[in-house]
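Data block below; observations after.
These numbers come from the heavy atoms of this one structure, side chains and all, not from hydrogens, waters or symmetry mates. To find a chain, count down the sequence lines: A is the first, B the second, and so on, and within it residues start at 1.
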Amino acid sequence: MTILTLLRRFGTLIGFVVIVCYFWAQLPDTFMTARNWLNITQQLSMLIVVAAGMTIVMVMNDFDLSVGSMASLSGIVAAMLFSFGYPIWLAVGIALLVGLLGGLFNGVLVGLIGILPFVATLATLTMFSGAAFVVSGGKTISGRVIPEAFGNFARQGIEIGPLTVPNLTIVALAVVALVWVLLEQTTFGRRLYAIGGNLEAAHLSGVPVRRFKLIAFSLTGLSAALAGLLYASRVASANPTQGSGLMLNAIAAVFLGMTMSGQGEPRVLATVLGVLILGVLDNGLTQMAVDSYVRQILVGAIILIAVSFSSISKAKRS
Amino acid sequence: MTILTLLRRFGTLIGFVVIVCYFWAQLPDTFMTARNWLNITQQLSMLIVVAAGMTIVMVMNDFDLSVGSMASLSGIVAAMLFSFGYPIWLAVGIALLVGLLGGLFNGVLVGLIGILPFVATLATLTMFSGAAFVVSGGKTISGRVIPEAFGNFARQGIEIGPLTVPNLTIVALAVVALVWVLLEQTTFGRRLYAIGGNLEAAHLSGVPVRRFKLIAFSLTGLSAALAGLLYASRVASANPTQGSGLMLNAIAAVFLGMTMSGQGEPRVLATVLGVLILGVLDNGLTQMAVDSYVRQILVGAIILIAVSFSSISKAKRS
Amino acid sequence: AKVAVITPYLAQPGTQFYVEAFQGVAGDKGWDVNVIDTQGDVAAVISRIEDMVTQNVDAIVINVDPAQVQAGLQVAADAGIPVFGMDAGADPLLVTNVTSNGYQMAAETSTYVADRIGGTGNVVMFIFDAFPPVQVRGVIARAVFGNYPDITILDQVTPDVSDGGIADSRAKMEAILAANPEPGSIAAVWAAWDQPALGALQAIADAGRSDEGIVITGIDANPQARDEIAKGGNFEASVAQDFHGIGAATADAVARVLDGETIKQRVIYVPTKLITVANAGE
Amino acid sequence: MPLLELSNVSKAYAGTPALRQVDLKIEAGEVHALMGENGAGKSTLIKILAGVVAPDSATIRMDDRLVSIDDAAKAHRLGFRFIHQELNVVPSLSVAENIVMGQRYPRRAGIFVDWKKLNSVAADALRRLGVTHIDPRVKMASLSTGDRMLAKISAALLSADGAPARLYVMDEPTAALTREESEQLFRVLNEIRAAGNSVLYVSHRIDEVMALCDRATVLRDGQSIDSGMLSEITHDDLVAMMTGRKVTETYPAQVAPPSDETAYEGHGLSVRKGEILGLAGLSGSGQTELLRRIFGRPASAWRRGIAYVPKERRSEGLVLTRPIFENITLPHLKTHSLGGAFLAPGRERGFATSMGDDVKLRATSTRQLVQQLSGGNQQKVVFAKALSGEPDLLLLDEPTRGVDVGAKYDIYSVIREMTAKGMAVILASSDLPELLGLCDRIAVMRNGSISIIVEAGLSEDALLNLCYGRATHSEAA
Ligand SMILES: Nc1ncnc2c1ncn2[C@@H]1O[C@H](COP(=O)(O)OP(=O)(O)OP(=O)(O)O)[C@@H](O)[C@H]1O
Ligand SMILES: Nc1ncnc2c1ncn2[C@@H]1O[C@H](COP(=O)(O)OP(=O)(O)OP(=O)(O)O)[C@@H](O)[C@H]1O
Ligand SMILES: [Mg+2]
Ligand SMILES: [Mg+2]
């Protein structure tokens, strides 16, 4: 009984721990090192930022397919502005504003006009991606036009004792902390959960559902733009498709996290764990030099097994 | 009042008609020709088959992200069997069986184990795609190993008067007809809609929910495999990534169609209209020589406008 | 004349260059060029060829494996519309194919690697077999490395290219570096195109292992790669395809056919050039 | 000066009128009953007041000033507080959060939710209703229906900052409450009246209305028929006004006594063919669970002739987005199809129409979507579905919740008819008069198991005492 409850609640977490222990045993010298973990968090920082932002709209039972192309767009916008000689702070600021406005546009479509989130954000995915191509002329922007300091940001970090914690990791943690406070500790966040739990009940209680949708989608767009900038900084270049891998993984991370919450609602810390599961599998299997193709199959299978623990016990009628 | 009801119900359809009329006016000689429309249906046949199959699971409120990689896998399986000298009927049969079993696997994960459809089918997406790479060694299989007759199937058709209706179009129509009968005319389909409307109530009313999920996912997998074979026949080759564009478009088509049904439930004929909207936009804008990048933005914007009609009127309070 | 250029790969830097060069020549000749990107979807190339046949264009240029778009080529052939390959592949239904020699490019970079590491050491390969022109490069590199008994292929990585290829390659390289911490345990990284090479370079720099002398090579010599090669760091060599040359030569071939000439050459090779620190700045 | 005056309120759904020029006047400091049969338009009127449904025409005066109610927030600002007929809770949030939802949460440092304060505010609101057994920190999902209703009522009673409450509107608040809990509610309603505020009160429990309310307005077929002081009329007058006919009996008499043959045995009880066995017990004593266990696996239960009316019609009983006839034929769809595979919608509709008539279902046609029906009529659809296969054993969990007096009588008559043909019934109900009026025997449940089974014919107080475990069987008899 208690074991079943534990499994149901923490099945996915247990799965994660098992995975980590396995890699630890297989790669005793290299896997469980601070350096490798800092590396993993740095690699995952873009995904963490997008997934944290995605959690906000998914709390309301909506979702946002356009985050990947928004990330591409914001990177392109910043890079183009760099090439026009804008200072870093201004280019970054404008790119973030583009994210905010793009998210707001999604919010208008879903919240005010009432278009299904899938249709609305799939359309804006196409539009943002088209815009990224148009703005950049379809080219990769790299080289001297990208200011040194911008590219260096991703390469540097803060020294804590013998370790250098990468800036990207720090930004990701800060975003997670902000989203956590927003969702779990403010009236705004609790009302988002109310909307997600029962939209009609929230509406009847006087929660301003439309305004909340506008704000939530705007924040998701903003975080996508931020992730795009991190990405551009990390690769010291911008390409109109570079964010496209983020969307499915971000949604997957939120859903993975949802298997760990009582009523199946998204929680940002669980989302982070979802991201970590995805990232650790990639890192560990690559270190073990598993064939790329076989790795794909393994990643899928391992996720299924990890999630099964919590799902099977939930499927049993209480 | 009546106009509002009409708009709500048929807003998307009206949008479609407007689009068609616009292209007709812009391209008076080439757009509204039987030849062009047969072309369009042939081009869209793979997507129609996948989207029709997707409709089946979406009727239950589930969905299947793995259809694209299943399409790739089935094409690869058939091509590999061709290269081992299997006869066409056997290779095609085995490829379809792979689709059925892959779909059944999805059904087990979602229906029996109770994993969220997004997580389960994203994991199988990865696994099927990995399998396609492993089976093919990552290569495109083309040239002499593909039997002539297999490649010819997609090039030929049935002569009806002066026109040749392509085989691909005929297969797509047949699949749509079958799915329509299944969903709208059988007790199976009726109960799928009941599951989609209220799973708990359907269960308590004696609908064998789990068994139905198994069957529905199997059929979706089967249709994905069929689409993969059509694709392979059309390009007379198989490539481990060739189906990957199908998934998002198939889901988008179903959602577009849903804007046209009274209660927002998926209906296969509406899905077909959704596919047509996507395809006609592509065809018309290409014929008008609109820049590829600008076309992306236009496609997104036009879809939003078409859907807005039906959404705005729905958003108004009753 | 109305000419359509159809490609699934417009987002790739190389493709853009030759499409631009093609448009440059076409502009001089006063052609009406329609550039169509199907975003990775090969079957859609067939569809767009069909659409262009409906439009009755004068010539079609494709940038995709012709074996996979036979259906479309046949429709064009039936309508008597000439189709040209621009870095596509040879095919009887194409008037001609203008391209760089992929075998030669891979041979140049892989022998560069083998020579630089003195024929011994561990090599990491980044490959992508799903795309035929890149796949042949891997074949040659494997053959070259296989011919050296003391060279071991440590890993053959197929990166996720949906993000452009840099970031995922970097993550993969970071994991490989973590798994092989001893200095000297990785002698070289051979990449079938530039993006993975750039990702590997960033991973090596970030791991603080730039001074181990790991040799990195790419192919394509895109601007970002040239910048890195010019710095004289680990990224030592790439091969420049003459994209402008390919685009211009394709346009040239189209012009000749439109003027009524017949082209006998099935493939027209445009020369390539090895880029190293010596000539990267040019 | 009346607190609120509605006049000329009309509303039609897709051409079918639900309200026709309705007038309603509520004085300050009164508890005003809104009465009418199922589908008469009560909930529609309330939703218009709440700003959830837009009327076709309406003149609304408050304190003699014209007002318009455009949305839920406006209604709240005017001082209206609602408990709607359909329980709208957020199961994934805590009870406290559900109670405070409409308001700004108590905060620390201007940003962070002050959870301690939040829980104590919610606990206070519950205590006002005399409820101490609900921990405000638990998830709403873990509460029984009755407790959820109590939490919802406390939410409405919670004094809001900014807009003081003037009018409480309650649409069948006691449908899921026990007698004790209802009485607590009445105490609070009396306090509200004493403070000079008003209550608009909807209930199908006539006795309750007669005892509690000052005046009543009766709706019939969407029109306001009459309005007046309740002290001046009798129970039967009121019923006659609602139904337009005389209903003297509440419970139809037994047609034939139960046979000696056992229809079902197991889980600590047995029922004979033609018998109605009652399940009594306090809230949370386990009737629902027992019925579920008897029902077992639904697919095989329906096949074996066991039918089930679940307690929560919207979440468990109905597919709201589908038509009436599809809901009614769902458990036995194959028998209404061609060869078990192909649909025969015409045949289904014919069957559904006759089933609907049996339970006095009021709908424009059996093609109408269930979600467009009034609450009571939705319940009748659940009933029609359960009866559709002529079951041998009928399991009922609060089956007449929200059903009007007239229709209740008709449903009871159908049950009586079918028991006369040998159907056995197990009826769980919190409505003790219903148990006493219908059942042959009553099983009393406490803490999840049957504590005693008594013959019917005891008094309501005696039965209540048994539920509390305050009396022995011999004393009760
Ligand atoms: N959304 C809707 N669409 C169409 N008709 C509706 C809708 N909602 C209510 N109706 C109709 O309006 C009429 C009045 O319904 P209402 O819910 O107000 O009745 P009620 O008096 O509250 O009944 P009950 O006692 O059963 O709750 C009914 O005939 C009902 O079918
Ligand atoms: N999902 C759940 N989580 C926690 N406790 C539950 C859950 N479902 C039911 N319970 C508890 O189990 C006990 C028995 O529930 P059951 O619904 O059978 O009681 P009941 O007698 O029908 O009560 P009521 O008439 O109030 O619904 C109750 O105390 C209830 O609160
Ligand atoms: Mg009502
Ligand atoms: Mg109960």
Side-chain angles (χ1 to χ4, degrees), chain A residues 5 8-9 55 58-61 111-112 114 116 177-213 215 219 254 257-268 270 314-318, chain D residues 46-47 50-52 71-77 80-94 96-115 118 138-142 148 151-152 155-156 158 160 162-163 289 292-293 296-298 314-315:
Chain A
T5 319
R8 180 190 321 168
R9 191 65 192 268
T55 310
M58 287 183 68
V59 160
M60 300 185 303
N61 268 340
L112 295 193
L116 290 170
L178 278 177
V179 174
W180 182 80
V181 168
L182 181 79
L183 289 180
E184 313 266 340
Q185 299 298 331
T186 69
T187 309
F188 178 82
R190 303 318 297 170
R191 289 182 168 177
L192 287 188
Y193 276 106
I195 292 172
N198 185 341
L199 189 135
E200 199 181 337
H203 178 70
L204 287 176
S205 307
V207 174
V209 176
R210 293 170 175 208
R211 187 170 6 123
F212 275 45
K213 292 214 167 187
I215 301 175
L219 293 177
V254 179
M258 276 163 65
T259 60
M260 274 170 291
S261 68
Q263 298 292 313
E265 74 276 8
R267 302 197 160 263
V268 70
K314 246 173 223 156
K316 292 249 167 288
R317 307 210 141 268
S318 39
Chain D
I46 286 172
K47 284 181 197 154
V52 185
D71 55 24
K74 181 69 187 289
H76 194 265
R77 258 179 281 134
F80 302 167
R81 301 288 181 272
F82 294 89
I83 294 157
H84 290 286
Q85 182 171 14
E86 305 307 342
L87 254 182
N88 274 304
V89 300
V90 183
S92 54
L93 295 185
S94 71
E97 287 193 75
N98 268 281
I99 290 176
V100 183
M101 196 186 311
Q103 340 236 349
R104 191 185 295 154
Y105 285 19
R107 289 179 295 182
R108 280 176 296 128
I111 301 174
F112 302 101
V113 173
D114 186 343
W115 294 106
L118 179 81
V138 302
K139 288 268 157 68
M140 202 67 165
S142 64
R148 288 180 194 198
K152 252 343 231 189
L158 192 66
E289 250 171 60
R292 279 288 179 97
R293 263 187 281 138
R297 233 172 42 82
R314 279 158 64 96
S315 61

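- Residues E97(D) and V90(D) form no side-chain contact, since every pair of their non-hydrogen atoms from C-beta on lies 4.5 Å or further apart.
- Per-residue counts of heavy-atom pairs under 4.5 Å with chain D were compared for G197(A), A194(A), G206(A), G189(A); the largest is that of A194(A).
- Environment of CZ in R108(D): crowded, with over 12 heavy atoms of neighbouring residues, nucleotides or ligands closer than 6.0 Å.
- In terms of non-hydrogen atom pairs under 4.5 Å with chain D, the most contact-rich of S205(A), P208(A), A202(A) is S205(A).
- The two atoms that bring M60(A) and F212(A) nearest to each other are SD-O, 4.3 Å, heavy atoms only.
- The contact between K152(D) and chain A is made entirely by side chain atoms (from C-beta outward), counting heavy-atom distances below 4.5 Å.
- Contact annotation for L93(D): only side-chain heavy atoms (C-beta onward) come within less than 4.5 Å of a heavy atom of chain A.
- The heavy-atom pair separating A151(D) from M140(D) by the smallest distance is CB-CE, 3.5 Å.
- The greatest number of non-hydrogen atom pairs below 4.5 Å with chain D, out of L199(A), I195(A), T186(A), N198(A), is found for N198(A).
- Separation of atoms CD (Q185(A)) and CZ (R107(D)) is listed at 13.0 Å; rounding is to 0.5 Å.
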